[in-house]
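Throughout, protein chains are lettered first and strands after them, A, B, ... in sequence-line order, and every chain is numbered starting at 1. Quick caveat, the model's predicted, so the values are computed rather than measured.
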Protein chains: 2
Amino acid sequence: MSNNLEFITKLRASGLRPTKQRISICEVLFSPAETFHFSINELVKIIERKTNHKISLATIYNTIHAFKKKGYLKEIAINSDQSYFDTNTTDHHHFYDEQKKELIDIHNSEIGPIKINKTIPGKKIKSVEVLVKVETDY
Amino acid sequence: MSNNLEFITKLRASGLRPTKQRISICEVLFSPAETFHFSINELVKIIERKTNHKISLATIYNTIHAFKKKGYLKEIAINSDQSYFDTNTTDHHHFYDEQKKELIDIHNSEIGPIKINKTIPGKKIKSVEVLVKVETDY
DNA sequence: ACATAATTTATAACCATTCTAAACTAGAAG
DNA sequence: CTTCTAGTTTAGAATGGTTATAAATTATGT
Ligand SMILES: [Mn+2]
Ligand SMILES: [Mn+2]
Ligand SMILES: [Zn+2]
Ligand SMILES: [Zn+2]
């Protein structure tokens, strides 16, 4: 409960006041050794488990969106009824298990180069993301 | 207004009764020379424009889901607040313009082979989809 | 024509997300 | 330290896409 200095500094540097809610969310998101994927619902549960004071749902949404805008989180393109977020903000790709609703990273080093032999006049590429749908086999 | 025979046959072959609602939706979806992408909202507007009798929203959802289950439509994985569907059911990929919310096909012949050098024990690959986000440049 | 299961429909329910506007707070200034 | 103010949090309402419900309608086999 306090190498918060790092997070306070990060928040301040981003023009975000280091409130106790934001610091708690930073701890949950950015303390773990490994990056991870989450839905807002899952995040709410994690926060409830790891934090004593309650954070309102609106604040969680606000904070996640603020962090996304600052580039501290990525939103992942999955056909789903809810958004998924990723604390891994590097360019990378995903396996997605539709039954388990589980996301697994594929790092750029684990995938061959992707050649797109089609251009659209007046449009430029912002990102290229590969989604590999998998199923658990019996 | 009647090479419906084709659609009636198709529906019957799928175990779906050829109601006038389903036939109308078939006409809208499968008559065009080119495949296309649509959201349910867009489809509702197209149906209103091209059809005289009204089709309830519930029926449109029901039918689209039935057609998807039969493999006549694909649902496209886009991070968005609504589902997109595709009358192109072949394996292929997409450009996505987030501002215009516009999808453009990338056929398999227009993209190099995708090599995934990572396996997950107990899981097998069902599909590999590439989403290329683009922006209109000024 | 009749019977029956499938289908359609209006409407309510659901649920993730966003909005609102009032209460609270961090940080700056005096 | 006190005051001021913009930024933040919050509960609750609103939104919007989608799904569920259950009654009316229809397709189809007999
Ligand atoms: Mn879906
Ligand atoms: Mn979104
Ligand atoms: Zn990831
Ligand atoms: Zn397509």
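- Atom pair B/I47:CD1 and C/dT9:C1' shows a separation of 15 Å (rounding to whole Å applied).
- Counting to the nearest Å, the C1' atom of C/dT8 and the CG atom of B/L16 are 14 Å from each other.
- Evaluation of the side chain to side chain contact (heavy atoms under 4.5 Å, CB included) rule for B/K20 yields B/H53 as partners, not counting sequence neighbours.
- End-to-end axis angle of the helix from C/dA1-D/dT30 to C/dG30-D/dC1, using five pairs per end and rounding to 10°, comes to 20°.
- Summarising the geometry, atom CD1 belonging to A/I23 is positioned 4.0 Å from atom CD1 belonging to A/I8; distances are rounded to the nearest 0.5 Å.
- Partners of A/T87 according to the side chain to side chain donor-acceptor pair (under 3.5 Å) rule, which considers only residues two or more places apart in sequence or in another chain, do not exist here.
- Partners of A/K124 under the salt bridge (charged side-chain N to carboxylate O under 4.0 Å, His left out) rule, at least two apart in sequence or in another chain, are B/E135.
- Rounding to whole angstrom units, CG of residue A/L11 and P of D/dG7 are separated by 16 Å.
- Taken to the nearest 0.5 Å, the CG atom of A/N41 stands 11.0 Å off from the CD1 atom of A/I46.
- D/dG7 atom P lies 13 Å from atom NZ of A/K69, rounded to whole Å.
- Shown here are the salt bridge (charged side-chain N to carboxylate O under 4.0 Å, His left out) partners of A/K115, two or more places apart in sequence or in another chain: there are none.
- Judged as a side chain to side chain donor-acceptor pair (under 3.5 Å), and not counting sequence neighbours, the contacts of A/H37 are A/D86, A/H94, A/D105.
- Checked against side chain to side chain donor-acceptor pair (under 3.5 Å), A/Y84 has no partners two or more places apart in sequence or in another chain.
- Partners of A/F67 by ring pair (Phe, Tyr, Trp, His ring centres under 6.0 Å), not counting sequence neighbours, listed by chain and number: A/F30.
- If you measure from atom CZ of A/R22 to atom P of D/dG7, you get 11 Å, rounded to the nearest angstrom.
- Under the salt bridge (charged side-chain N to carboxylate O under 4.0 Å, His left out) criterion, A/K123 pairs with B/D97, B/E102, sequence neighbours left out.
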Between N or O atoms, less than 3.5 Å apart, protein on one side and nucleotides 22-27 of chain D on the other: list the pairs.
residue	atom	partner	partner atom	Å
D/dA27	N3	B/R17	NH1	3.3

Under 4.0 Å protein heavy-atom contacts per nucleotide of nucleotides 10-18 of chain D, with B for base, S for backbone only and - for none: BB-----SB
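- Whole-Å rounding puts the B/I64 CD1 to C/dT7 P distance at 15 Å.
- Remark: P of D/dT9 and CD1 of A/I23 are 10 Å apart, rounded to the nearest angstrom.
- Annotation: side chain to side chain donor-acceptor pair (under 3.5 Å) contacts of B/T9 (sequence neighbours excluded): none.
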